[in-house]
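Take a look at the structure set out below.
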Amino acid sequence: MNYDYDLLIVGGGLVGGSLALALKDAPLRVGVVEALTPEERRRSPAGHRALALSRGTAQVLDGLGVWREVAPEAMAIRHIHVSDRGHFGKTRLHAADQGVDALGYVAVARVLEDAIERGLERLPIDRLCPARIIGLKAGAEGVCVTLKRDGECLGLNAKLVVAADGGNSSVRNLLGIEQEVRDYGQTAIVTEVRTEKDTRFTAYERFTASGPLAFLPLGRKQCSVVWTLKDADAEEVLALSEAEFTARLQAVFGYWLGRIEPAAVRQGFPLKLVRAEKMVDERVILIGNAMHQIHPVAGQGFNLGLRDAALLADRLWAQTGFGEDIGEAGFLARYAEARRRDLANVIRFTDSLVRIFSNGFPPLALARNLALLALDRLPPAKRLLARHAMGYGVRL
Ligand SMILES: Cc1cc2nc3c(=O)[nH]c(=O)nc-3n(C[C@H](O)[C@H](O)[C@H](O)COP(=O)(O)OP(=O)(O)OC[C@H]3O[C@@H](n4cnc5c(N)ncnc54)[C@H](O)[C@@H]3O)c2cc1C
């Protein structure tokens, strides 16, 4: 077997898998290294999390041939309802006002992972799975990579390595790339509920003193819940009995959807903003969660990671079209520069949402309620917020 690649993607998850699909038919020898077998991945409870997907993301997934498999199981978001618990301000966004049929979609991560997996199975690429990267040495001509597979070490060469191996990226660790970490001291509790009333394609974002609470429509009477709480409160809420938990959630969310009933187990995800200190190193590019982990309050993590993959695929197509080396420093620097602004905008937007809306200080609570009221009455401001929700605003 020949282990010389043009491009080696480490991590065949949502973002790495999407990059491989985007390079279908590219004149590149591509290898994908993935630590988990598809069966192991399907067994992971993290696959239950619901992802809010922007319209821009759905369009990219459509181009990858993935969306047609996800769409029948995804729920359109036609309305977004934003409110502040215990205060008067609220705002509503409607797809029809923006001239579109959906502001975004909700899909269960596992449905998307499975569709990407089926797409990868159809590609003529080498899939090294299950295998883990344990060594990496970059030089002027290429990168030497060592993998551990079936208890044995395997040596590979590549012109470019793309790290798409998630928040605990081995590639990033092997290169000693530091991370900037902002711990929000919050945990997202993720679960599902059945609702008495029809969700009517509405996503609810409710800001509370301890953090934001999102109800995302998964079905006519089913919602995915992402409830962000301070770490100590989350610990207590995770330990509640089912009846106590439901009562607490109902009290915080209110009766917008009538009575709610639990429909899945609760899982806690500690929340941090993590950003690698550099996006590129010699012949290595970091994308997706390997590069950035965002607070799920604005549902941006995968949307952002997919834009990394989409832009990188475009650039790789062009670079190979010109017959140029895909690992050369100038190419990597131009890619990093092109992604810098989008990443900074999303981090700023998400971070300010967390800071402003989880603050119980009365003047700030008043200011944000006035802002929500004003927003509800100002069509241009609402259009801007809607563009953000649809995944267009963040590209400005
Ligand atoms: C509670 C919660 C809610 C969220 N909600 C949203 C949302 O509404 N919208 C949104 O856009 N995003 C959301 N996100 C974020 C989204 O889930 C992530 O941004 C996305 O999963 C990142 O994909 P990735 O491919 O970069 O990383 P991952 O999904 O972590 O994939 C990494 C892959 O690399 C593999 N791997 C790891 N180590 C190695 C190794 N050493 N060698 C080889 N392979 C390896 C792993 O097995 C995995 O397959 C949410 C996240 C959480 C926690």
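Computed from a predicted model, the values in this text were never measured in an experiment. Both counts, for ligands and for their atoms, begin at 1 and track the order of listing.
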Do any heavy atoms of [X] fall under 4.0 Å from ligand 1?
{"X": "A131", "value": "yes"}
{"X": "G305", "value": "no"}
{"X": "V226", "value": "no"}

Run the salt-bridge test on D233 and R248 with the 4.0 Å N-O cut-off and return the result as yes or no.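 Judged by the 4.0 Å cut-off on N to carboxylate O distance, D233 and R248 do not form a salt bridge.
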Does one side chain, of Q179 or R172, offer a donor that lies under 3.5 Å from an acceptor on the other?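 Side-chain D/A pair, Q179 to R172: present.
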Among side-chain atoms of R266 and T191, is any donor-acceptor pair under 3.5 angstrom?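 Result is no, nothing qualifies.
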Numbered atoms of ligand 1 (with element) below 4.0 Å of [X], judged on heavy atoms:
{"X": "S170", "value": "40 (C), 41 (N)"}
{"X": "L51", "value": "5 (N), 6 (C), 7 (C), 8 (O), 12 (N), 13 (C), 14 (N), 17 (O)"}
{"X": "G288", "value": "26 (O)"}
{"X": "A164", "value": "32 (C), 33 (C), 34 (O)"}
{"X": "I133", "value": "41 (N), 42 (N)"}
{"X": "G166", "value": "27 (O), 30 (O), 32 (C)"}

Should the pair F215 and F253 be assigned to parallel (<30°), tilted (30 to 60°) or perpendicular (>60°) ring geometry?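 Ring orientation, 0 to 90° scale: parallel.
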Mind checking whether W256 and Y204 have parallel, tilted or perpendicular rings, split at 30° and 60°?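 Rings of W256 and Y204: tilted, 30 to 60°.
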Taking non-hydrogen atoms only, is [X] closer than 4.0 angstrom to ligand 1 via side chain, backbone, both or neither?
{"X": "Q293", "value": "neither"}
{"X": "A52", "value": "both"}
{"X": "R132", "value": "both"}
{"X": "S169", "value": "neither"}
{"X": "F302", "value": "both"}

Show me, pair by pair, the donor-acceptor contacts under 3.5 angstrom made by side chains of residues 13-37, not counting sequence neighbours?
| residue | atom | partner | partner atom | Å |
| --- | --- | --- | --- | --- |
| S18 | OG | L14 | O | 2.6 |
| R29 | NH1 | N2 | O | 3.0 |
| R29 | NH1 | D4 | O | 2.7 |
| R29 | NH2 | N2 | O | 3.0 |
| R29 | NH2 | D126 | OD2 | 3.0 |
| E34 | OE1 | G12 | N | 2.7 |
| E34 | OE2 | L36 | N | 2.9 |
| T37 | OG1 | E40 | N | 3.1 |
| T37 | OG1 | E40 | OE1 | 3.4 |

Aromatic contact between W67 and Y105, with the criterion being ring centroids under 6.0 Å apart: yes or no?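 Yes, the ring of W67 comes within the 6.0 Å limit of the ring of Y105, centre to centre.
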Relative to [atom], which among [options] owns the nearest non-hydrogen atom?
{"atom": "atom 44 (N) of ligand 1", "options": "A35, A46, S18, A188", "value": "A35"}
{"atom": "atom 5 (N) of ligand 1", "options": "G11, A50, G301", "value": "A50"}
{"atom": "atom 48 (C) of ligand 1", "options": "E117, Q267, M291, E34", "value": "E34"}
{"atom": "atom 25 (O) of ligand 1", "options": "V190, I134, V15, V171", "value": "V15"}

What is the minimum heavy-atom distance between E117 and P38, and which atoms define it?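 Smallest heavy-atom distance, with atoms named: OE2-CG, 3.5 Å.
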Just checking, R315 and F331: is the charged tip under 6.0 Å from the six-membered ring centre and within 45° of the axis?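 That pair does not qualify as a cation-pi contact.
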With E192 via side-chain contact (heavy atoms from CB on, under 4.5 Å) - residues at least two apart: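 Once residues adjacent in sequence are excluded, the partners of E192 under the side-chain contact (heavy atoms from CB on, under 4.5 Å) criterion are L218, Q222, A263, A264.
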M291 reachable from V274 in the ILVMFWY side-chain graph, under 4.5 Å edges: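 Different hydrophobic clusters.
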Atom pair CD1/CD of I294 and Q300 - distance to nearest 0.5 Å: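 It is 8.0 Å, given to the nearest 0.5 Å.
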Does any N or O of ligand 1 fall below 3.5 Å from an N or O anywhere on L36, backbone included?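 In this structure, L36 places no N or O atom under 3.5 Å from an N or O of ligand 1.
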